[in-house]
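As the structure lists them, so they are numbered: ligands from 1, and atoms in each ligand from 1. Position 1 is the first residue of the sequence, and the numbers go up from there. What you see is a predicted model; the values in this text were computed from it and never measured.
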Amino acid sequence: MKYDYLVVGAGLFGSVFAYEAMKSGKHCLIIDKRPQVGGNVYCENKSGINIHMYGAHIFHTNNRKIWSYVNQFADFNQYINSPLANYKGELYNLPFNMNTFHQMWGSRTPSEAKAIIDRQKGQSNGHVPKNLEEQALNLVGEDIYRKLIKGYTEKQWNKDCTELPAFIIRRLPVRYRYDNNYFNDRYQGIPIGGYNKIIGHMLLGADIEVNADFNKTRDFYRKMAKKIIYTGPIDEYFDYKLGELEYRGLSFETKCLDIENYQGVAVTNFTDREVPYTRVIEHKHFEFGTQPVTYVTYEYPCDYARGQEAYYPVNDEKNQELYNKYKVLTTDESNVIFGGRLAEYKYYNMDQVINSALKAVMSDL
Ligand code: UDP
């Protein structure tokens, strides 16, 4: 066999795996069904602006080891994600913090805000939340739930908040401080030179094939390597034989505007149900760009169907159970490692994917 590893999918999991394997002298072939490498962190540079082609990616982590790991591939700028929420024209700071509470109710101190939220928690107070709605009410009360969470979440997931797992809303901090940093992590930034630089560095020396669909030509590819690293959807790998897992899709509409600054912030969330997109991303602000033009992307959540791009796993009970059954099947695939958001069916952040890839490669070398 020509290669030690065939890496299916050139996103972060596959690229980290390949980089570490090659460092140990292994030969890797990395294939991707898209026309380029980089998975969802892939960017295109237009007019000097890096456009995040598959959704905005802001690197953040609490893990010092992962932070120094990514810094070997690129320096990071000082970007701190501080999105705005637009609810029917009213603007609020995110995540939910003293600025939001002040804008919502005029409260000036943490105890004033707490008193309002406690009153609004109503029946949810003190109960272990069974779903996203109960969790949200419990954290921030009725007003914020109705204006900033319910509409956004239901269009994002196309499910009622009572049918979604509570952990999804716990991704967002709730803070009784005036602090608009969307993440609690100690390290945060955007790679200077863009994410492509990181992926390019990781894949230096690998054999790469793009426009290559593993699931359509498996027999051909299986003969090429001793081991396969599979990062695609796990149900697709097993030909959906136990049923289809649910994913959420996204579609993007990007426009160039002949103005310097469109919204004054990188991310604005549109939180009412009627606006069909969830976010407007103005890419230049991730890198403090001063170009005379700007690029904005409207992000529309959409249904996913077999063969389309899967973005988010829907980790409710039903899908989790099905995933667990697929996971059992992986034990028979002794020469395949399954990793990443789609193969592990996990709502991973970038640092978690990198961590998971490092563990996988270290335990295999
Ligand atoms: N969310 C919300 N309102 C917002 C932003 C987020 O209700 O303005 C909820 C929504 O359910 C979303 C979840 O919080 O799916 C996680 O948001 P995050 O920004 O982490 O999503 P991602 O960037 O992964 O799409």
Taking any residue with a non-hydrogen atom under 4.0 angstrom from an atom of ligand 1, which ones do you get? L94, L148, I149, Y152, T153, Q156, W157, I168, I169, R171, L172, Y182, N269, T271, R279, Y312, Y347
Both conditions, 6.0 Å and 45 degrees, for the charged tip of R34 above the ring of Y54: are they met here? yes
Checking I228 against I337 for the side chain to side chain contact (heavy atoms under 4.5 Å, CB included) test, could you report, in this order, the C-alpha distance in whole Å, the side-chain angles of both residues, the deciding distance, and whether it holds? CA-CA 6 Å; I228 295 169; I337 293 174; over 6 Å; no
My understanding is that only one of Y323, Y312, Y311 makes a ring-ring contact (aromatic ring centres under 6.0 Å, His included) with Y347; could you say which? Y312
Electrostatic pair E20:K26 at N-O distance under 4.0 angstrom: no
Roughly how far, to the nearest 0.5 Å, is CG of L132 from CG of D316? 12.0 Å
Establish, from distance only, whether the side-chain atoms of T268 and Q263 form a donor-acceptor pair under 3.5 Å. yes
